[in-house]
Amino acid sequence: MLTAIDELLEKEMTNNKPDLNEIGRIVGDANFTEHQAEAKDLYEGTEDWEISQKRTSNWGAQDWTSKKEKFDAVDARLAAAVAGGVPADGDEAAKLVAEHREVLSEFFPVSYAKHYLISRSYITDPRFTEYYERQQEGLAQWLADAIENVAAVHGVDLDNPEWA
């Protein structure tokens, strides 16, 4: 019997790209279609939205699986850092923040300021907070703090950050 991933990979081999429901299954987000619609409402027409749509338009199931594995690996290292007591303002945290920014940048270019602004949702949007807290208690706040520290080091005006 084929798994859902095997079915999607088989579909890709016939040159069909996964639809939003299939992408949601791959990335483990049962509400992916809803989340994509929300993002479209908020960001359609922006340069970053256009870049993201262009980059992902040719991704097949294997591409989405690969991206999911990259995110999972970074998230596991972040969770291990919190579990291990790594300070959010240290060099190790800064390296992990760079990895996190890099995986996000596969969708659109994520500057230090954008990363800082995105990170605020990790502690203000219950969906993001829950996502990180499921992996490791304290991870949402630790990651937001670590990103804030890196942003400050790179000159981001934390009182008036700009999406640039």
Side-chain angles (χ1 to χ4, degrees), residues 3-5 8 17-57 59 61 63-84 86 88-89 93-152 156 158-164:
T3 67
I5 297 294
L8 292 174
K17 302 301 175 198
D19 65 23
L20 291 178
N21 289 322
E22 293 166 329
I23 294 168
R25 285 194 313 213
I26 293 168
V27 301
D29 181 356
N31 298 314
F32 186 81
T33 301
E34 175 185 314
H35 295 150
Q36 188 69 10
E38 179 183 350
K40 182 178 181 180
D41 287 345
L42 292 170
Y43 303 112
E44 186 175 34
T46 67
E47 183 178 2
D48 288 332
W49 177 260
E50 297 306 319
I51 291 169
S52 177
Q53 293 306 295
K54 185 174 183 176
R55 286 183 181 178
T56 61
S57 67
W59 289 1
D63 299 305
W64 283 101
T65 299
S66 174
K67 302 305 179 198
K68 169 76 167 125
E69 289 169 353
K70 282 184 178 183
F71 269 95
D72 288 350
V74 171
D75 286 349
R77 287 191 290 280
L78 291 165
V82 173
V86 171
D89 61 354
K95 289 176 185 171
L96 291 167
V97 164
E99 289 183 43
H100 187 263
R101 193 167 64 86
E102 185 178 308
V103 295
L104 289 176
S105 291
E106 294 198 25
F107 293 89
F108 62 90
V110 178
S111 66
Y112 297 106
K114 288 177 188 176
H115 202 202
Y116 172 70
L117 288 165
I118 292 167
S119 76
R120 301 303 85 191
S121 65
Y122 303 161
I123 53 177
T124 60
D125 184 326
R127 296 172 297 182
F128 287 106
T129 304
E130 180 182 321
Y131 169 80
Y132 285 112
E133 293 300 302
R134 271 196 319 263
Q135 296 175 63
Q136 173 62 48
E137 184 178 339
L139 178 55
Q141 186 66 58
W142 183 92
L143 181 55
D145 292 347
I147 292 169
E148 180 176 336
N149 287 316
V150 169
V156 174
L158 301 178
D159 293 325
N160 297 296
E162 294 184 22
W163 189 267

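Heavy atoms only: backbone and side chains are in, while hydrogens, waters and symmetry mates are out.
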Checking Q53 against E44 for the side chain to side chain contact (heavy atoms under 4.5 Å, CB included) test, could you report, in this order, the C-alpha distance in whole Å, the side-chain angles of both residues, the deciding distance, and whether it holds?
CA-CA 10 Å; Q53 293 306 295; E44 186 175 34; over 6 Å; no
Test your reading of the model: is there a side-chain donor-acceptor pair from [X] to the backbone of [Y], 3.5 Å cut-off?
X    : Y    : value
R120 : A144 : yes
S52  : F108 : no
Q136 : A80  : no
W64  : E22  : no

Evaluate the side chain to side chain contact (heavy atoms under 4.5 Å, CB included) criterion for residues W142 and I123: first the C-alpha distance (whole Å), next the side-chain angles of each, then the deciding distance (0.1 Å), finally the verdict.
CA-CA 10 Å; W142 183 92; I123 53 177; over 6 Å; no
Show your working on side chain to side chain contact (heavy atoms under 4.5 Å, CB included) between E38 and H35 and close with a plain yes or no.
CA-CA 5 Å; E38 179 183 350; H35 295 150; 4.3 Å; yes
Test: salt bridge (Lys or Arg N to Asp or Glu O under 4.0 Å). Region: residues 105-119. Which pairs qualify, not counting sequence neighbours?
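Listed once each, the pairs are D48-K114, K67-E106, K70-E106.
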Please determine whether the number of non-hydrogen atoms from other residues, nucleotides or ligands lying under 6.0 Å from atom [atom1] of [X] exceeds 12.
X    : atom1 : result
E137 : CD    : no
F128 : CZ    : no
F107 : CZ    : yes

Is the shortest heavy-atom distance from the side chain of N21 to the side chain of T33 under 4.5 Å?
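Yes, close enough: below the 4.5 Å cut-off.
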Full working for side chain to side chain contact (heavy atoms under 4.5 Å, CB included) between R127 and Y131:
CA-CA 6 Å; R127 296 172 297 182; Y131 169 80; over 6 Å; no
Can you tell me how far CG of D75 sits from NZ of K68, rounded to the nearest 0.5 angstrom?
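If I round to the nearest 0.5 Å, the distance is 7.5 Å.
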Taking only residues two or more places apart in sequence, or in another chain, which ones meet T46 in a side chain to side chain donor-acceptor pair (under 3.5 Å)?
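Side chain to side chain donor-acceptor pair (under 3.5 Å) list for T46, sorted by chain: empty.
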Is any NZ, NE, NH1 or NH2 atom of the basic residue among E50 and K54 found under 4.0 Å from an Asp or Glu carboxylate oxygen of the other?
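Salt bridge between E50 and K54, a charged N being under 4.0 Å from a carboxylate O: no.
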Can a cation-pi geometry be assigned to R101 and Y112, taking NZ or CZ under 6.0 Å from the six-membered ring centre and within 45° of the ring axis?
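Judged by the rule, R101 and Y112 form a cation-pi pair.
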